[in-house]
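See structure below.
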Amino acid sequence: MNKIRSKIKSILDGETQTLFKNSAWVFVSNSYGILLAFLRSIVIARGLGAEILGVYSVIIAFVLTIQEIIKLNVPLGVIKFGAHFLSNKSPEKLISLLKRGITYSMLSALVSVIVIAIISHFFYDKFFDLQGLQKFVILFAIVNGICFLDNIGRAVLKIYYRFKVNSIVQMIMDTVEFSAIVICIYNFPNNLDYFFYTLIATKLLNSLICNLSVFIELRKELRPYLKSPVKALENQYAEIRHFIFGHSFGNTLKTVLNQGDVLLLNYWGTHAAVGLYIVSKKLAYAILAVTDPLVTSVYPQFAHLVSQKKFRELKLMLNKITKLALIPVSFFIIIVFTFKGQIITLIYGEEFRAAASTFFIHFIGAAQGSLFFWCLPIIQGLGLTYLRLKSSIIAIIIDLMLAWMLTPQFGANGVAIGLLAANLITTFYFVYYSYKKINTEISLSNSSI
């Protein structure tokens, strides 16, 4: 056993070891949550059927797309600048940042609900061909707006490297949410009303409990500085605002890519087609359960390395974690290609067999996302906001062009191909320019010696 540990340590550099250590609890929590979400998708698909599942998916995509356009990406700013404040022993500035962030998040949530209410009132028929869904659209928008606070709490935990308690609480609440939905589907199958009420109630409870656990865990660190004035950030506010707004627009474009495909397919096809598409996408992206915890943990580590100008260590870390991921990703691609039809019918039933080819297209996208899970955090850590905006705009244009040309003939496969092309382009941009930036910094460091 000692030999195995020594071998692992020799393979992994110090920063990579820190990454895996910090990711342990997040990995357990996220893996458990994704497992339950996966099981929940099976229960929902089998209990509601493709048609009702498609209606539900369109509502979710509609709300998330609009709210992401309006929402400010405060959590990312909390991590970037909060890590800097803690490194410089200025926790009072972190509190000031949190006060501004919470205020702006709730204001953006309120505005988003108002906008969604107006759009759904005047343009309801453009998105839905069933009556009586507006109440669910508004209720989900309100609860999801409150959940804007969730990621702010998690961001504070990340910069303090505190994952354990919140991860345990999150697993408990995921269990409660899953159990409530299973009970609802079992007692009221093919009933969208009861299902949505259950979903909204459990989502709200989940958010409230998890945010409370964040405050309890960090009360000793934060309480002494709760009276810190907001003006403590006066000299840095312009920089913080520029960063948050820049990355918020980038997140908006990303959401348009990830949710807009459902709205596009809904425009060309039926709710049943959307239901099949959602099942294939959800099953394919289940592979991200392996790397999502690493994405969660790696950004604050990148932020610290960049602030300390440890670019050699950063490059070594990226090379090693990519090589480690390559073998399992290649293996799973072969397995899914060979057994895609059997996999999707075994899990979701014969009704969803037609989604097999779409499932494999999505899986390619998920696999490359797992291989280069670090590309977005490193772009954020290096401050290359303009690159994210540029690549996202190009990706959206290509996605829309391909979807427009292919979807009328190939249906869900056409939408999936457009999304895959967009994701590949974005990954290429991020990997190429992040390495270019790191190599430049290393060269500058060598020349100064």
Side-chain angles (χ1 to χ4, degrees), residues 19-48 53 56-57 60 64 144 147 150-151 154 157-158 163-186 195 198-207 209-210 213 258 275 277-298 324-325 328-329 331-333 335-336 339-340 342-349 352 355-356 358-360 362-371 373:
L19 169 63
F20 288 134
K21 181 179 179 181
N22 290 336
S23 302
W25 275 104
V26 181
F27 178 79
V28 173
S29 175
N30 282 17
S31 296
Y32 182 73
I34 292 173
L35 173 62
L36 288 187
F38 179 63
L39 295 176
R40 183 178 64 183
S41 73
I42 299 174
V43 173
I44 293 173
R46 288 180 175 269
L48 297 182
L53 175 62
Y56 156 70
S57 301
I60 299 299
L64 292 183
N144 197 60
C147 292
D150 295 3
N151 288 331
R154 295 189 186 105
L157 290 174
K158 290 174 187 177
F163 301 101
K164 182 177 179 180
V165 173
N166 190 257
S167 295
I168 294 173
V169 172
Q170 187 65 64
M171 286 190 287
I172 294 172
M173 296 312 302
D174 286 342
T175 304
V176 171
E177 186 174 347
F178 174 73
S179 301
I181 289 176
V182 169
I183 292 171
C184 174
I185 292 292
Y186 180 79
F195 169 71
T198 302
L199 175 72
I200 290 169
T202 54
K203 186 176 181 65
L204 178 60
L205 179 64
N206 194 328
S207 176
I209 297 297
C210 289
S213 74
N258 291 335
Y277 180 84
I278 284 295
V279 161
S280 67
K281 186 176 180 181
K282 189 175 292 292
L283 179 58
Y285 280 87
I287 189 177
L288 296 180
V290 178
T291 53
D292 273 351
L294 300 177
V295 175
T296 300
S297 302
V298 77
L324 285 172
V329 166
F331 173 77
F332 279 114
I333 288 176
I335 293 296
V336 170
F339 301 104
K340 55 185 180 292
Q342 294 90 325
I343 292 172
I344 203 162
T345 53
L346 175 66
I347 296 174
Y348 290 104
F352 295 93
T358 311
F359 164 51
F360 179 70
H362 279 311
F363 190 83
I364 295 296
Q368 67 86 25
S370 294
L371 183 61
F373 71 91

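What's counted below: heavy atoms across the whole structure, side chains too, no hydrogens, waters or symmetry copies. Position 1 is the first residue of the sequence; numbering continues from there.
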Legend entry - Backbone of Y277 reached by a side-chain donor or acceptor of S280 within 3.5 Å: yes
Legend entry - Residues which pass salt bridge (charged side-chain N to carboxylate O under 4.0 Å, His left out) with R40, listed by chain and number, not counting sequence neighbours: E177
Inset, instruction - Rounded to the nearest 0.5 Å, what's the gap from CG on N206 to CG on D174? Could you check? - result: 5.5 Å
Legend entry - Nearest-0.5 Å distance that lies between atom CZ in R154 and atom SG in C210: 6.5 Å
Legend entry - Least distance between heavy atoms, A355 atom then I344 atom: CB-CD1, 3.7 Å
Legend entry - Nearest non-hydrogen partners of R46 and T345, listed with the distance: NH2-O, 4.1 Å
Inset, instruction - Without swapping roles, check the side chain of S370 against the backbone of A366 for a donor-acceptor pair under 3.5 Å. - result: yes
Inset, instruction - Begin from the C-alpha positions of V43 and L39 and carry the test side-chain contact (heavy atoms from CB on, under 4.5 Å) through to its verdict. - result: CA-CA 6 Å; V43 173; L39 295 176; 5.6 Å; no
Legend entry - Distance in Å, N151 CG paired with L157 CG, rounded so as to fall on 0.5 Å steps: 11.0 Å
Indicate every side-chain donor-acceptor pair of residues 178-186 with a distance under 3.5 Å to a residue at least two apart or in another chain.
{"unit_1": "S179", "atom_1": "OG", "unit_2": "T175", "atom_2": "O", "d": "2.8"}

Legend entry - Nearest heavy-atom neighbours spanning I209 and V169: CG2-CG1, 3.8 Å
Inset, instruction - Say whether Y348 and S41, considering side chains only, have a donor N or O and an acceptor N or O under 3.5 Å apart. - result: yes
Inset, instruction - Calculate, to the nearest 0.5 Å, the distance between atoms NZ and CZ belonging to K282 and F38 respectively. - result: 10.0 Å
Legend entry - Point-to-point distance, once rounded to the nearest 0.5 Å, from CD1 of I200 to CG of L204: 9.5 Å
Inset, instruction - Determine the minimum heavy-atom distance between L283 and I347, stating which atoms define it. - result: CD1-CD1, 3.7 Å
Legend entry - G275 to L53 - nearest heavy-atom pair and separation: O-CD2, 3.6 Å
Inset, instruction - Check ring-ring contact (aromatic ring centres under 6.0 Å, His included) between F359 and all other residues, then give those that pass, not counting sequence neighbours. - result: none
Inset, instruction - Look up atom CD1 in I44 and atom OH in Y56, then write down how far apart they are to the nearest 0.5 Å. - result: 5.0 Å
Inset, instruction - Might you point out which heavy atoms bring V279 and A45 nearest each other, and give the distance in Å? - result: CG2-CB, 4.0 Å
Inset, instruction - Take F363 and Y285 through the test side-chain contact (heavy atoms from CB on, under 4.5 Å) and record every step on the way to the result. - result: CA-CA 6 Å; F363 190 83; Y285 280 87; over 6 Å; no
